[in-house]
Amino acid sequence: MKRLILLFLSFTLLLLSGCMPDVRQTPEEETTLITVGFSQVGAESDWRVANTKSMRESLSEENGFELLFDNARQKQENQFKAIRTFIQQDVDYIVLAPVTETGWESVLEEARAADIPVIIVDRQVEVSDPALYTSWVGSDFRKTADEAVAWLAETLDAREEPDAQVQILHLQGTPGSTAQLQRSAALEAGAARHETWTITAQLNGDFTQAKAYEETRAYLQGNPVPDVVYCENDNMCFGVMQALDERGIAYGTGGVTLITFDAVRTALSYCRDGKIDLCAECNPLHGPRVRAIIEQLERGETPEKQSYVPEQLFTAGQITDELLESRIY
Ligand code: GZL
């Protein structure tokens, strides 16, 4: 009896803490809704919150879906648990936003064995058999990052002393995530092409403002102020700004050059105000494409294996009040 009470209490605690995936409300035979289990990375950034909102709005009941959502709190283990729970609940589709690229073989094999199609969104998975997932929706991370590095090269070349040494502080996102791997590779390739560029440190900010602030604050206590800070997402850039503000260090126009990825509305407004020099967009609005893919599958059609969302670079001159008002995220 004691064990039963303990079991009930632990299940209740898990449920109340939000650490459990949503539970299917209607048995398969009693609903016409398409049941989708969505394993989301977490809520670490403004980008992630916008991504979740886009998925919820597209995979809504009024659009014919029952969405079971799980927030993995940036832990792959939690995503494994969520996917296995979705399989047990016999969902019609699984959507996975993988926290990192590796380690997905066995759980995707389990989904395939259960005959549940898996759609990958945002970051990519590294699997031996690409048939383990039906389709992927996301960004061309490397292309956008190469464009951001090219912008930095052009900007530095236009300085009064184009051959002066450049110290670059690099704030990296979650290690092993596609966004981190590709954005880091672009900067490292840029530094290899420009002998005056030095990446002074690569700090892991885990795509969060708090960790980026702590790492940058500690870095500044023992190192000279960098010329450039390359932030692999906006929330880490906000943390860097916080640390620079604390020391009264100017940034943006006339100060430390700040480059950031995502281009959420807050970052764009800083960019318009000359506080951030470049915002490289990373479009989180995957919901409509995932809905379209599922509807294709429901019609017996074969969706594209990969589909890229549109994005661009922003500098101050392009950012008007109208553009800011028009932004969905
Ligand atoms: C990019 C996405 C990254 C964002 C961050 O597609 O994986 O994760 O750039 C988010 O804001 O945390």
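Both ligands and their constituent atoms are indexed starting at 1 by order of listing.
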With Tyr230 via ring-ring contact (aromatic ring centres under 6.0 Å, His included) - residues at least two apart
His170, Phe261
Between Asp46 and Arg265, does any NZ, NE, NH1 or NH2 come within less than 4.0 Å of an OD or OE carboxylate oxygen?
no
Arg159 bridged to Glu161 by N-O distance under 4.0 Å
no
With Asp157 via salt bridge (Lys or Arg N to Asp or Glu O under 4.0 Å) - residues at least two apart
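In terms of salt bridge (Lys or Arg N to Asp or Glu O under 4.0 Å), with neighbours along the sequence ignored, Asp157 is linked to no residue.
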Quick one: side chain to side chain donor-acceptor pair (under 3.5 Å) partners of Tyr133, sequence neighbours excluded?
none
For the aromatic rings, using the six-membered ring if either is Trp, is the centroid distance between Tyr213 and Phe238 under 6.0 Å?
no
List below, pair by pair, the N or O atoms of ligand 1 and of the protein that are less than 3.5 Å apart, including the distance to 0.1 Å; reply 'none' if no pair qualifies.
residue, atom, partner, partner atom, Å
ligand 1, 6 (O), Asp122, OD1, 2.3
ligand 1, 7 (O), Arg48, NH2, 3.3
ligand 1, 7 (O), Asp122, OD1, 3.1
ligand 1, 7 (O), Asp122, OD2, 2.6
ligand 1, 7 (O), Arg123, NE, 2.7
ligand 1, 8 (O), Arg48, NH2, 3.1
ligand 1, 8 (O), Arg123, NH2, 2.7
ligand 1, 9 (O), Arg183, NH1, 2.8
ligand 1, 9 (O), Asp262, OD1, 2.6
ligand 1, 9 (O), Asp262, OD2, 3.4
ligand 1, 11 (O), Ser45, OG, 2.9
ligand 1, 11 (O), Asn233, ND2, 2.9
ligand 1, 11 (O), Asp262, OD2, 2.6
ligand 1, 12 (O), Glu44, OE2, 2.5
ligand 1, 12 (O), Ser45, OG, 3.0

